[in-house]
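These numbers come from a predicted model, not from an experiment.
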Amino acid sequence: MPPRLPPLYALRAFEAAARQGSFVAAAQELHVTAAAISQQVKALEDHLGIALFDRKARGVAVTEAGLRYGARLTSLFGELAEATQDIYQQKGEVLTIFTSPTFASRWLIPRLAGFHREQPGLQVRVLVESSSEQLASRDLDLLIQYSDGKRPSAIAPLPFSGVVFPVCAPSLPLPADPMTVAALPELPLLRLDDARFPAGFHDFGWRRWFQGASLPSPPDPTGPSFSFVHMMLLGAAAGQGVALASLALAGDDLVAGRLIRPVETEVPVENRYWMFHTGAERGGTLPEKVLLFQDWLMREIGRFVADCETSRVPPKRRRRA
């Protein structure tokens with residue numbers, strides 16, 4: 001007999017809270033109260049018999065078990081949404097976008113409602129995978145990928161700043177005041193599982209970052225490793241160490257105060273998020289639905305970057321006792 005599954009709403013509430021790193025942000029996404037999210041998460045913890053969040057005086061933090069469970073649920077809900085969209089696309093025009101799980105969850109999906117308000121007759125279908133190996137078998141309109149853009153199908157880079165910088169939770173005790181780059185190796189340095197990632201994501205590796213900052217390479221990082229950047233940033237927001245991030249992936253958390261920049265040093269990188277379309281290879285005109293989405297996307301990124309710059313303030317330093 002298969003195991004009894006938890007209630008779907010509890011799973012949905014927990015997935016949003018784990019992905020956002022906040023009950024309040026999850027409540028805003030699902031249009032409920034933070035108390036309702038907390039209640040559903042507690043019900044799920046009781047069902048599973050394991051803590052998914054640590055409750056602290058200053059907020060909540062995802063546990064290791066919660067990080068793993070949340071990542072699986074994000075993928076499963078994505079598959080469910082894709083299957084549902086396959087049914088709905090029998091009517092109306094559909095724009096199919098392929099991108100990474102990290103960009104979809106950290107930036108694109110939370111903002112798609114704005115595009116739907118502008119273009120209610122155009123349905124967006126978002127496909128996510130960790131690699132682009134199966135692109136040839138997909139019927140795609142647009143690819144958004146972290147890349148150097150050196151392909152004939154490139155349309156344009158997305159206008160996020162092209163730098164990578166360290167981030168951590170405000171609650172993480174720092175070894176120096178003021179904090180210095182030289183002191184970073186004294187903290188757990190969160191890292192990616194390099195064996196699973198395409199070359200572009202090595203921009204988020206510590207050795208390359210220290211080399212780009214013209215500093216000696218640190219010893220091997222002591223913090224945990226993750227399969228995806230969005231998982232690594234959840235770990236950073238949970239106070240597990242320092243991660244490398246870009247504005248596109250950490251901007252919302254920086255504005256909300258879930259993450260801070262412990263040092264101001266940033267390293268330029270060659271790679272960006274790019275838009276690709278097969279029609280660009282043939283020099284043809286882009287479809288109207290792609291142009292509509294491109295126009296909205298560029299305006300939305302412009303607002304996002306401006307909001308991040310307006311909100312940027314020197315972080316509070318919390319030195320180790």
Keeping the roles fixed (side chain from [X], backbone from [Y]), state whether a donor-acceptor pair exists under 3.5 Å.
X: Thr63; Y: Ala51; value: yes
X: Thr99; Y: Ile144; value: yes
X: Glu45; Y: Leu52; value: yes
X: Arg125; Y: Thr96; value: no

So [X] and [Y], would you call those rings parallel, tilted or perpendicular, with 30° and 60° as cut-offs?
X: Tyr146; Y: Phe204; answer: tilted
X: Trp206; Y: Phe210; answer: tilted
X: Trp296; Y: Phe293; answer: tilted

Exercise. Should Asp295 and Arg299 be marked as a salt bridge (charged side-chain N to carboxylate O under 4.0 Å, His left out) after you check the CA-CA gap, both sets of side-chain angles, and the distance that decides it?
Worked result: CA-CA 6 Å; Asp295 175 69; Arg299 287 185 283 111; 3.0 Å; yes
For this session: State, yes or no, whether a side-chain contact exists between Trp107 and Leu158 at a heavy-atom distance under 4.5 Å.
Result: no
Problem set entry | Carboxylate-amine/guanidinium proximity below 4.0 Å for Arg272 and Asp203 | no
For this session: Flag the pair Asp141 and Lys289 as a salt bridge only when some basic side-chain nitrogen lies within less than 4.0 angstrom of an acidic carboxylate oxygen.
Result: yes
Exercise. Do Leu247 and Ile109 belong together in a cluster built from hydrophobic side chains that touch within less than 4.5 Å?
Worked result: no
Problem set entry | Minimum heavy-atom distance between Leu184 and Pro166, given as atom pair plus value | CD1-CG, 4.0 Å
